[in-house]
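These notes concern the structure reproduced below.
No experiment lies behind these values; they were computed from the predicted model shown. In the text below, chain A, chain B and the rest are named by the order of the sequence lines, each starting its count at 1.
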Amino acid sequence: MSVPFYVSPEQVIKDKADFAQKGIARGRSVIVMQYVGGILLVAENPSHTLHKVSEIYDKIAFAAVGKYNEFENMRVAGVRLADMRGYSYDRSDVTGRSLANAYATTLGTIFTETQKPYEVELVVAEVGDDLESDQIYRLRFDGSVADERAFVAMGGSAEELTSELGRRWNKDVDLQAALRLCVSALSSVSAHSEQIPVNQLEVAVLERDKPRRKFVRLGEDRLAEELGSDASPASTSTVAEDTPGESGGDVGVSDVAGENEPEF
Amino acid sequence: MTVPGGLPNEYLTSTTSSFSEFLRTHNPDLLPSRNAAAMDTADHGHLAPHGTTIVAAAYADGVVLAGDRRATMGNVIAQRDIEKIFAADEFTGVGIAGSAGIAVDMVRLFQVELEHYEKIESTQLSIEGKANRLATLLRGNLGLAMQGLAAVPLMAGYDRAGKRGRIFSYDVTGGRYEEHAFHAIGSGGYFARGSLKKLHSAGQSRPEAIQVALQALYDAADDDSATGGPDLTRQIFPKIATITARGFAFVDQSEMEQQVTHMMDGRRERPDGPLASTGGA
C-alpha cells in the first residue's frame, strides 16, 4: 500500500496562490478610477462581446481580469443577487458592500476547498453622491477584500501601473483627464508600441449625476473624441459596443476558440 | 457548495437569462401569482382597487401611451392620482388595467425581467421577445384572474429595427395580439376606441397624438364612471408618455396643462368633442 507524501498546509496554500497569481498576471490590465463625475472603468480588450467591465445594478459596476469563464460566472451570479435583492426589497437596498462580501466568501471557499482556485481578480465599484462616498472593493482569488480609494489596477503589469497612476492621479481629474491617464498608462505597459487603438479598448463609466441606471459604455466615437487627435482612428471596425442587435454569436465563438482566449 | 454569506450555489450554476424563470425555480414565493392556489373560486374582485382606461396610439415618431388617474373599489373612488403607465425599459412602456396591486407587481417583475436579460446577455430583447415575455408573466396570473383579480396590460414600444412604434394587447389567458395604429383597454376602453377611430390618423405629429389620446380618455371618462377625467381643481391630469427613437419619456406637467386647457376650451364650445368630418356627404 502506497503512503501519500505529506505536504504541509502552508505549502498547499502557497502553491495554489502562486498558480492563481501566475494566471492573473498573464492577462491584460484593467483600471478602475475615480474622477469628479463618477467612476471610470478601462480595459484593454480586443473583443467587443466578451466584456471585462459590466453593469451589475443601478450604481454598481463590475470589472475583472483572469480567466473569462470564471469571472463571467461570478458576474452573472452578482447580477442575479442584485436583481433578487432589488426585487424583494427595494432598488436602494442593493449595495456594493453586500455584493463584495458575497464574492469574498465564495472566492475564499473555492480557494480553500477545491483543487484549483479561481484565477480571477475582481473589482466591485459603487458610485456615491460625491468622491468621498464612492466605494471600490478589490477582491483577490483567495477571497481577501480591500476597500480602495482613487484607483485600482489589476492583471498584467498591475504593479507598474499602480506606481505610474499613483504619481499622476489627483482628486480633481475630470472624465477626459482620467481617461487619458488610464489609456496612456495602459499603453505604456501594453504590447502596442504606441497608444492602444480605440477599438482595442473597453471603457465604461458610472455617471454620478445620471438618474437610476448609472452605467454607460463609451463607444469608439466617443473615445476618439475624448482622447483627441492622438487617438488612432477606428478604421478596421465600426461596431459600436453594446449595440443591441449586433450579431454577437459568431464573434464570440471565434474569440473563445482563437488565440485571444488565454489573455483575458 | 453553498456557504453562509456567499453566493448560493444556484446563482453560480443556473443557465437561464430570465429572472422570472430563475424565481420560479429557486424562489417561487416572490412570484406575483404565488397565492392563487390558496384561494377558492369565488369572485374576489371587490377586495382591491381597480385601475381602468389605457390608450395607445402610433404617430410619426413612435407611439403615445396614456392612462387616466382613477382607481375604484365598487362605487368608491379609491385613489384619484394613481399611475398606470410605467416605463418597462428604455424603449418600452406598459399600461395596466385591472386589479391595481396585481398590476403593479406584474410591471415590477416585467421591468426586472427586461433589465436582467439585458445585463446578462449584454443586449436588449427584440420588441417581439419583450411582448412574449409579458404574455408568459400574464399567463402565470391566470389563477388569480379567475378569482376576479385580473390585470391586463397594454404594451407600447419603439421598434429600433423597424424604426416605428408598435402596440401589443393581451387577454387574461396570456394571448398576445399586435395592434395596428391604436388600441384602448379597460372599462372605458370601448368609448376610447370609438373616439380614436374618429380622431387618430397615421403620421400625426407629437402634439396631435397627445391631444388625440387626451380626447379619447375624456370620452372614456364621459361615459364610464370608473374612468377619471382631468381634475382641473387639483391639477391632476392623465399620465401620457411618448416612446420614440430617443426612448421613453413622460409628457411633463406644464405641457399637459397646455394640452388639457386646449381640449377644455374646445369642449366648452362642443361638449362632445371635436366634430369628425362627414367625408363631404
So, B:Thr92 versus B:Asp89: side-chain donor-acceptor pair below 3.5 Å or not?
yes
Counting only non-hydrogen atoms closer than 4.5 Å, does A:Asp83 touch chain B with its backbone (N, CA, C, O), its side chain (CB onward), both, or neither?
both
When the 4.5 angstrom heavy-atom criterion is applied to B:Ser126 and chain A, the contacting part is neither
Taking A:Arg217 first and then A:Glu202, would you say they form a salt bridge - that is, a charged N and a carboxylate O separated by under 4.0 Å?
yes
Report yes or no: do B:Ser18 and B:Thr16 form a side-chain donor-acceptor pair below 3.5 Å?
no
Checking B:Ser20 against B:Arg133: is there a side-chain donor and acceptor pair closer than 3.5 Å?
yes
Counting only heavy atoms from other residues, nucleotides and ligands, does the tally under 6.0 Å from CG of A:Asp129 exceed 12?
no
Name the region of A:Phe215, side chain, backbone, both or neither, that has any atom closer than 4.5 Å to a heavy atom of chain B.
neither
Pick one of side chain, backbone, both or neither for A:Ile56, based on which atoms fall under 4.5 Å of a heavy atom in chain B.
backbone
Measure B:Leu109 against the heavy atoms of chain A and call it side chain, backbone, both or neither at under 4.5 Å.
both
